[in-house]
Amino acid sequence: MSKNEKNIYVVGAVITDGNKILCAQRGMEKSLPGLWEFPGGKIEETETPQEALQREIQEEMHCHVEIGEQVEHTIYEYDFGIVHLTTFYCRLVRGTPVLTEHIAIEWLAAHDLEKLEWAPADIPAIEKLKKTYQAQQ
């Protein structure tokens, strides 16, 4: 790995409501414009992944989540850096997601997730969610 490659540590929330999963579309002015993702963001130096996720969901969506077990950990190399994404199952405990950073949200069943165009780092989590939810059918 060359010195100019940047490692970016991020967390994503797989917010579930029954058998539906929250999907969020990135704004057009961001990197990966218009692609879908699990909401979340960067982990600050002093935070655990769970603390970062709590803070990001509060800031981005104005709601509070309860964080459960890890869904997936993915390392994906983009042109702007190497993203280390850890996703966690989450449940809304207070509030309704508000669009501040995203341009759209959808609640979809696991088997419908691949109808959207996802950021590449999120795709392994989607594969895992499809298998997990199929096993529960």
Side-chain angles (χ1 to χ4, degrees):
M1 191 188 308
S2 65
K3 278 200 276 287
N4 64 0
E5 292 190 43
K6 193 165 99 181
N7 285 293
I8 305 163
Y9 294 88
V10 296
V11 283
V14 177
I15 300 172
T16 59
D17 183 4
N19 67 346
K20 300 276 196 226
I21 297 166
L22 181 77
C23 314
Q25 189 176 26
R26 295 177 64 83
M28 290 304 174
E29 73 292 346
K30 302 208 170 278
S31 56
L32 310 171
L35 293 182
W36 290 80
E37 67 179 358
F38 296 114
K42 287 193 181 110
I43 303 171
E44 304 295 340
E45 292 236 335
T46 58
E47 292 178 314
T48 66
Q50 289 88 342
E51 288 167 343
L53 197 50
Q54 272 302 357
R55 177 185 52 74
E56 287 284 351
I57 297 303
Q58 235 167 306
E59 288 173 6
E60 281 184 15
M61 302 203 138
H62 299 236
C63 48
H64 294 269
V65 291
E66 182 179 278
I67 298 169
E69 63 186 62
Q70 182 176 316
V71 177
E72 185 63 281
H73 178 78
T74 308
I75 299 170
Y76 190 87
E77 193 169 340
Y78 291 101
D79 53 5
F80 54 81
I82 298 167
V83 168
H84 300 253
L85 169 66
T86 307
T87 44
F88 293 91
Y89 284 107
C90 293
R91 190 174 65 82
L92 281 177
V93 288
R94 197 163 68 247
T96 304
V98 174
L99 294 176
T100 62
E101 303 235 337
H102 296 93
I103 54 175
I105 58 173
E106 297 259 350
W107 289 92
L108 294 177
H111 62 266
D112 288 328
L113 293 175
E114 59 196 354
K115 293 178 180 172
L116 302 176
E117 191 179 348
W118 287 85
D122 286 283
I123 290 172
I126 289 162
E127 296 299 322
K128 198 164 197 179
L129 288 166
K130 279 191 343 203
K131 288 189 184 113
T132 302
Y133 277 81
Q134 276 170 347
Q136 293 172 358
Q137 299 293 305

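A 4.5 Å side-chain heavy-atom check between F88 and Q50 finds at least one atom pair inside the cut-off. Side-chain atoms of P120 and L35, non-hydrogen and from C-beta on, do get closer than 4.5 Å to each other. Between W36 and I126, every side-chain heavy-atom pair lies at or beyond the 4.5 Å cut-off.
Sparse packing is recorded around CD of E117, with 12 or fewer heavy atoms of other residues, nucleotides or ligands lying under 6.0 Å away.
By the 30° and 60° cut-offs, the orientation of the rings of Y9 relative to H84 is parallel.
Closest approach of K20 to A109, counting heavy atoms only: CD-N, 3.8 Å. The two atoms that bring I105 and P97 nearest to each other are CD1-CB, 3.9 Å, heavy atoms only. Heavy atoms only, all atoms of each residue included: P124 and E72 are closest at O-OE2, 3.8 Å. Closest approach of G27 to I103, counting heavy atoms only: CA-CG2, 3.8 Å. The shortest non-hydrogen separation linking T46 to E51 is O-OE1, 3.9 Å. Residues L53 and A13 share a closest heavy-atom pair of CD1-N, 3.7 Å.
Ion pairing of D112 with K115 is present here, as a side-chain N (NZ or NE/NH1/NH2) and a carboxylate O approach within less than 4.0 Å.
Scored by the side-chain hydrogen bond (donor to acceptor under 3.5 Å, both in side chains) test, E101 finds K30 as partners (sequence neighbours excluded). By the ring-ring contact (aromatic ring centres under 6.0 Å, His included) test, W118 pairs with F38, sequence neighbours left out. When the ring-ring contact (aromatic ring centres under 6.0 Å, His included) test is applied to Y78, the partners found at least two apart in sequence or on another chain are Y76, F80. Listed by chain and number, the residues in a ring-ring contact (aromatic ring centres under 6.0 Å, His included) with H102 amount to none (sequence neighbours excluded).
Atoms CG and SG, on L116 and C23 in that order, are 5.5 Å from each other to the nearest 0.5 Å. Here CD of E56 is found 9.0 Å from NZ of K42. Values are rounded to the nearest 0.5 Å. Atom CD of E77 is separated from atom CG of N7 by 9.5 Å, given to the nearest 0.5 angstrom. Between the CD1 atom of I8 and the CD1 atom of I75 there is a distance of 12.5 Å, given to the nearest 0.5 Å.
Residue pairs that meet the ring-ring contact (aromatic ring centres under 6.0 Å, His included) test with at least one member in residues 10-31, sequence neighbours left out, do not exist here. Sorted by first and then second residue, the ring-ring contact (aromatic ring centres under 6.0 Å, His included) pairs with a member in residues 52-72 form an empty list; sequence neighbours excluded.
Placement of W107 and L129 in two distinct hydrophobic clusters is found when ILVMFWY residues are connected by side-chain heavy-atom separations under 4.5 Å, directly or transitively. I57 and Y89 sit in two unconnected hydrophobic clusters of ILVMFWY residues. Membership requires side-chain heavy atoms under 4.5 Å apart, directly or through other members. The cluster map of Ile, Leu, Val, Met, Phe, Trp and Tyr, joined by side-chain heavy atoms under 4.5 Å apart, puts I15 and V98 in different clusters. Residues M61 and I67 share a hydrophobic cluster, clusters being chains of Ile/Leu/Val/Met/Phe/Trp/Tyr side chains in contact below 4.5 Å. Clustering ILVMFWY residues whenever any of their side-chain heavy atoms sit less than 4.5 angstrom apart, transitively, puts L22 in a cluster other than the one holding V10.
Under the 3.5 Å distance criterion, the side-chain polar atoms of T86 are left unmatched by any main-chain donor or acceptor of H73. The closest donor-acceptor contact from the side chain of E37 to the backbone of Q25 lies at 3.5 Å or more, if one exists at all.
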